[in-house]
Enquirer: 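Right, I'll just put the structure down here and ask away after.
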Amino acid sequence: MIHAYDEMYLDDAMETLGNAVEYAVLFCGMDGQEFLNLFIISGLAGEFGKGNVKYVSGMSGVEFARLVLEICGKQCGDIHELPYVDYPPEYWIGWILAYYQWHSGKSFETICRRISYNDLRNVYGVLHEADPSKAADVFDRMMNSGHETNLAVQRKKCGLSQSQLAKAADISIRSIQLYEQRKADIGKAQYNHLAAIAKVLGCTINDIME
């Protein structure tokens with residue numbers, strides 16, 4: 001699996017987003033889902049998800065949250081530093097979300113479109129003491145449950161059958177079927193195959209990744 005950025009920045013990213021969510025929800029009184037939505041709307045989620053050092057390591061969680069709010073025209077009080085709280089659920093939600101984004105390589109927008117803040121809050125009790133990789137397995141199942149693959153969605157947007165896509169991309173129809181059934185990991189496909197599929201569908205490689 002291709003991770004979103006260099007692992008050396010992961011701990012900082014998890015702590016930063018954990019503290020940002022904690023600050024926004026507990027000290028600014030925001031709804032958790034609203035803050036995640038603003039995080040994405042602000043454009044900072046894209047930079048954070050690429051491991052931009054300015055954001056994942058160069059700011060405290062409070063500074064990052066305040067920047068998200070400022071960009072979106074929101075304000076919070078004058079608290080500039082978090083008082084100590086022993087890792088509340090709000091912190092864990094940001095912390096594990098940062099881990100899963102790094103682990104999966106998916107964008108925050110893609111993840112939050114299928115896993116809500118409340119979904120994360122609901123699994124806190126059973127997952128917050130588990131290894132993050134165990135949580136990632138649960139989130140993978142949540143992402144895939146009841147949803148078509150991105151490849152299938154893009155293919156149907158273009159009005160192509162599996163066989164038509166396979167022929168146009170010069171890839172076996174069995175490969176297309178396996179990717180769409182999630183019996184083969186499209187993230188492990190050869191780059192030239194992904195590039196060919198994306199070219200036929202008129203989208204980016206990221207658009208067909210899971």
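Only a predicted model underlies this, so the values are computations on that prediction, with no experimental measurement involved. Position 1 is the first residue of the sequence; numbering continues from there.
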Enquirer: Angle between ring planes, Trp102 versus Tyr99, binned at 30° and 60°: parallel, tilted or perpendicular?
Expert: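 Tilted.
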
Enquirer: What are the two closest non-hydrogen atoms of Leu36 and Cys112, and how far apart are they?
Expert: CD1-SG, 4.3 Å

Enquirer: Taking all atoms of both residues into account, what is the closest heavy-atom pair of Arg114 and Met143, and its distance?
Expert: NH1-O, 3.2 Å

Enquirer: Can you list the steps and then say if Gln177 with Glu180 is a side chain to side chain contact (heavy atoms under 4.5 Å, CB included)?
Expert: CA-CA 5 Å; Gln177 292 170 339; Glu180 292 195 1; over 6 Å; no

Enquirer: Strictly under 6.0 Å, is that where the ring centroids of Phe39 and Phe64 end up?
Expert: yes

Enquirer: Regarding Glu148 and Arg182, does a basic nitrogen lie under 4.0 Å from an acidic carboxylate oxygen?
Expert: no

Enquirer: Indicate the atoms forming the closest heavy-atom contact of Ala98 with Phe48, along with that distance.
Expert: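 Shortest heavy-atom contact: CB-CE2, 4.4 Å.
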
Enquirer: Quick check for you: to the nearest 0.5 Å, what is the distance between Ile115 atom CD1 and Met142 atom CE?
Expert: 4.5 Å

Enquirer: Which value, rounded to the nearest 0.5 Å, describes the distance between Arg174 atom CZ and Gln181 atom CD?
Expert: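 So the CZ of Arg174 and the CD of Gln181 are separated by 6.0 Å.
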
Enquirer: Measure the CD1-OG distance between Ile111 and Ser104 for me, rounded to the nearest 0.5 Å.
Expert: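 The CD1 atom of Ile111 sits 4.0 Å away from the OG atom of Ser104.
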
Enquirer: Closest approach of Cys203 and Gln154, non-hydrogen atoms and distance?
Expert: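 Between these two residues, the closest heavy atoms are CB-OE1, 3.9 Å.
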
Enquirer: Taking the side chain as every heavy atom from C-beta outward, state whether Pro89 and Arg121 have any pair of such atoms under 4.5 Å apart.
Expert: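 Pro89 vs Arg121: side chains touch.
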
Enquirer: Tyr5, Ile96: one ILVMFWY side-chain cluster at the under-4.5 Å cut-off?
Expert: yes

Enquirer: Who else is in Leu151's hydrophobic cluster (ILVMFWY, side-chain heavy atoms under 4.5 Å, direct or via others)?
Expert: Leu160, Leu165, Ile171, Ile176, Tyr179, Ile186, Tyr191, Leu194, Ile197, Val200, Leu201, Ile205, Ile208, Met209

Enquirer: Considering all heavy atoms of both residues, which atom of Ser172 and which atom of Ala166 are nearest to each other, and what is their separation?
Expert: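 Closest pair (atom of Ser172, atom of Ala166, distance): C-CB, 3.9 Å.
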
Enquirer: Are the side chain of Gln101 and the backbone N or O of Lys106 linked by a donor-acceptor pair below 3.5 Å?
Expert: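 Yes, the answer is positive, given that a donor and an acceptor are paired below the 3.5 Å cut-off.
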
Enquirer: What do you reckon, is CG of Asp119 surrounded by more than 12 foreign heavy atoms closer than 6.0 Å?
Expert: yes

Enquirer: Determine, stepwise, if the pair Leu67 / Tyr55 fulfils side chain to side chain contact (heavy atoms under 4.5 Å, CB included).
Expert: CA-CA 10 Å; Leu67 179 59; Tyr55 303 113; 3.7 Å; yes

Enquirer: Can you measure from CG (Leu69) to OG (Ser42) and round to the nearest 0.5 angstrom?
Expert: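 So the CG of Leu69 and the OG of Ser42 are separated by 9.0 Å.
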
Enquirer: Mind listing the closest non-hydrogen atom pair of Val25 and Gly32 along with its distance?
Expert: CG2-CA, 3.7 Å

Enquirer: Is there a continuous path of hydrophobic side-chain contacts, each under 4.5 Å between heavy atoms, that joins Ile41 to Ile71?
Expert: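 In one cluster: no.
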
Enquirer: Checking side chain to side chain contact (heavy atoms under 4.5 Å, CB included) for the pair Asn37/Gln33: CA distance, chi angles, key distance, verdict?
Expert: CA-CA 6 Å; Asn37 291 343; Gln33 187 62 55; 3.1 Å; yes

Enquirer: Measure the acute angle between the ring planes of Tyr91 and Tyr87, then classify it against the limits of 30° and 60° as parallel, tilted or perpendicular.
Expert: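 Ring orientation, 0 to 90° scale: tilted.
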
Enquirer: For a quick test of your reading: what N or O donor-acceptor pairs under 3.5 Å do the side chains of residues 9-18 make, sequence neighbours left out?
Expert:
| from | atom 1 | to | atom 2 | distance (Å) |
| --- | --- | --- | --- | --- |
| Asp12 | OD2 | Ser57 | OG | 2.9 |
| Thr16 | OG1 | Asp12 | O | 2.8 |
| Thr16 | OG1 | Val56 | O | 3.0 |

Enquirer: Are Gln75 and Arg66 close enough, and set up right, to give a side chain to side chain contact (heavy atoms under 4.5 Å, CB included), and what steps lead you there?
Expert: CA-CA 8 Å; Gln75 291 184 339; Arg66 292 177 72 90; over 6 Å; no

Enquirer: Under a 4.5 Å cut-off applied to non-hydrogen side-chain atoms, are Lys134 and Val138 in contact?
Expert: no

Enquirer: Side chains of Leu38 and Met30: does their closest heavy-atom pair fall under 4.5 Å?
Expert: yes

Enquirer: Do Asp131 and Ser133 meet the criterion of a side-chain donor-acceptor pair at a distance under 3.5 Å?
Expert: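 Distance-only check passes for Asp131 and Ser133.
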
Enquirer: Are the side chain of Glu47 and the backbone N or O of Leu44 linked by a donor-acceptor pair below 3.5 Å?
Expert: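 Flag not set: sc Glu47 to bb Leu44 has no pair under 3.5 Å.
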
Enquirer: Which pairs with one or both residues in residues 109-140 pass ring-ring contact (aromatic ring centres under 6.0 Å, His included), sequence neighbours excluded?
Expert: Trp92-Tyr124, Tyr100-Phe139, Tyr124-His128

Enquirer: Distance check, rounded to the nearest 0.5 Å: Cys28 atom SG versus Tyr23 atom OH?
Expert: 4.0 Å

